[in-house]
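What follows is a set of notes on a single structure, which appears directly below.
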Amino acid sequence: MSEALYIGLRLRLGRGTGLTCVLSIANQKGGVGKTTTSINLAAALALKKKRTLLIDLDPQANTSIAFFSPDETQFTTYDLFHEHGCELAKVVRPTKDPNLFVAPARLALARLEQQLAGQFDAPYKLKDALAPALKDYNYIVVDTPPALGILTVNALVASTHLLVPIQAAYFAIEGTDDLLETYARIRSRPNPDLKVLGVVITLYDKRTNISRDTHEQIRATFGDALFRTRISKNVRLEESPAYKETIFTYAPKSSGAEEYRKLAQEVLQRVEEDRVARHSQDAA
Ligand SMILES: Nc1ncnc2c1ncn2[C@@H]1O[C@H](COP(=O)(O)OP(=O)(O)OP(=O)(O)O)[C@@H](O)[C@H]1O
Ligand SMILES: [Mg+2]
């Protein structure tokens, strides 16, 4: 790509140009680090001066509880899914970081599967709710529940990219087939532009053979899609949500903070490379 084309693209990367990265964090396996990654990746992007919105689509609301008490939450992502659903702006709340915003969840989200059954536009609800707000953010990170139901489908339909956390543990890869099949189905119809941004190994423990073996297995399966950064087991990552802190305010010098900073750098780089590649294709 020529420098002129690259500069031209850079000039168009400001707010409101339709170049917001909407990144779903998904894996239907429970407890693999989706929420920990959503919170700390979003926080790391905000620290890099990207205006970032973190959306909680999990009825467990673990991401939301890491920022706010449930009793101080009025509107939630549940309200985005109804006929005359409320605007995203009413749901979004500021955080201590001026570049980080959160759309909290509540348990009622669990009822949506039944409530939306039979509605032809059920998979598009989140996409429609996000549309008017895309210009306001550089990054939108979506935390999803451990299931491939209507909530995860809504996240994938609304997203430009998918990031898959995989725990360094036996049987870690089992189940990713179903996720990748859902991804392929969504790409074939409602969202052909969706791309896998990458796979990240989480809960890695370099002292154990299990971690080392599974790392090799994951690398063999996913090749270049695997991020170079691994997220190690770090007790600070487990503790920080209880204090309503991200890892960057709770333990900025911990390995968890260092690794999520590096992961954010890789995410920024891959998103940028993808934009350049897409732009070259459009221009060709
Ligand atoms: N790198 C890590 N080091 C130590 N603990 C971690 C790490 N990542 C996640 N945890 C802990 O592991 C548990 C599961 O992590 P998390 O909630 O992020 O997973 P999840 O995939 O979102 O789970 P669910 O599928 O239930 O939504 C949590 O208690 C979390 O604090
Ligand atoms: Mg979670």
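Note that the structure is predicted; figures quoted are calculated from it, not measured. For ligands, and for the atoms within them, numbers begin at 1 and follow the listed sequence.
Proximity of a side-chain donor or acceptor of S24 to a complementary backbone N or O of A155 within less than 3.5 Å is detected. Using modelled atom types, one side-chain atom of R270 and one backbone atom of A225 make a donor-acceptor pair closer than 3.5 Å.
One option in P241, S232, G256 has a heavy atom closer to atom 1 (N) of ligand 1 than any other, and that option is S232. Nearest to atom 29 (O) of ligand 1 by heavy atom, out of Q167, Q28, E238, K29, is E238.
Every heavy atom of T202 sits 4.0 Å or more from the atoms of ligand 1.
Not a single protein heavy atom sits closer than 4.0 Å to atom 13 (C) of ligand 1.
A 6.0 Å sphere centred on OH of Y170 holds more than 12 heavy atoms belonging to other residues, nucleotides or ligands. Other residues, nucleotides and ligands contribute at most 12 non-hydrogen atoms within 6.0 Å of the CD atom of Q114.
Checked by atom type, the side-chain pair Q115/Y78 shows a donor-acceptor distance below 3.5 Å. Using modelled atom types and a 3.5 Å distance limit, the side chains of T229 and Y260 yield no donor-acceptor pair.
Separating the CZ atom in F222 from the OG1 atom in T176 is a distance of 4.0 Å, to the nearest 0.5 Å.
Summary of contacts: the protein heavy atom closest to atom 24 (P) of ligand 1 is G31 N, 3.5 Å. Of the protein's non-hydrogen atoms, the one nearest atom 30 (C) of ligand 1 is T36 OG1, 3.8 Å. Distance from atom 25 (O) of ligand 1 to its nearest protein heavy atom, with residue and atom name: K34 NZ, 2.8 Å. Among all non-hydrogen protein atoms, the one lying nearest atom 7 (C) of ligand 1 is L203 CD2, 3.4 Å. Closest to atom 19 (O) of ligand 1 among all protein heavy atoms lies G33 N, 3.0 Å.
Under a cutoff of 6.0 Å and an axis angle of 45°, R93 and F67 do not form a cation-pi pair. By the 6.0 Å and 45° rule, K90 stacks over the aromatic ring of F75.
Contact check for T152 versus P145: side-chain heavy atoms found under the 4.5 Å cut-off.
Set against the non-hydrogen atoms of V32, the atoms of ligand 1 under 4.0 Å away are 19 (O), 20 (P), 21 (O). Against a heavy-atom cut-off of under 4.0 Å, Q60 is close to the following atoms of ligand 1: 24 (P), 26 (O), 27 (O). Of all the atoms in ligand 1, the ones that sit under 4.0 Å from a non-hydrogen atom of N234 are 2 (C), 3 (N), 4 (C). Taking a cut-off of under 4.0 Å to the non-hydrogen atoms of D58, the atoms of ligand 1 that pass are 27 (O). The G30 neighbourhood of ligand 1 comprises atoms 25 (O), with distances under 4.0 Å to a heavy atom of that residue.
Considering both main-chain and side-chain atoms, L237 never comes within under 3.5 Å of ligand 1 through any nitrogen or oxygen pair. The shortest N or O to N or O distance between T35 and ligand 1 is under 3.5 Å.
Taking 2.8 Å as the threshold, S38 does not count as a candidate ligand of the Mg ion (ligand 2), since none of its N, O or S atoms lies below it.
Note on ring orientation: taking the six-membered ring where Trp is involved, the planes of Y250 and Y243 are parallel (angle under 30°, cut-offs 30° and 60°).
In I231, the part holding a heavy atom less than 4.0 Å from any atom of ligand 1 is the side chain.
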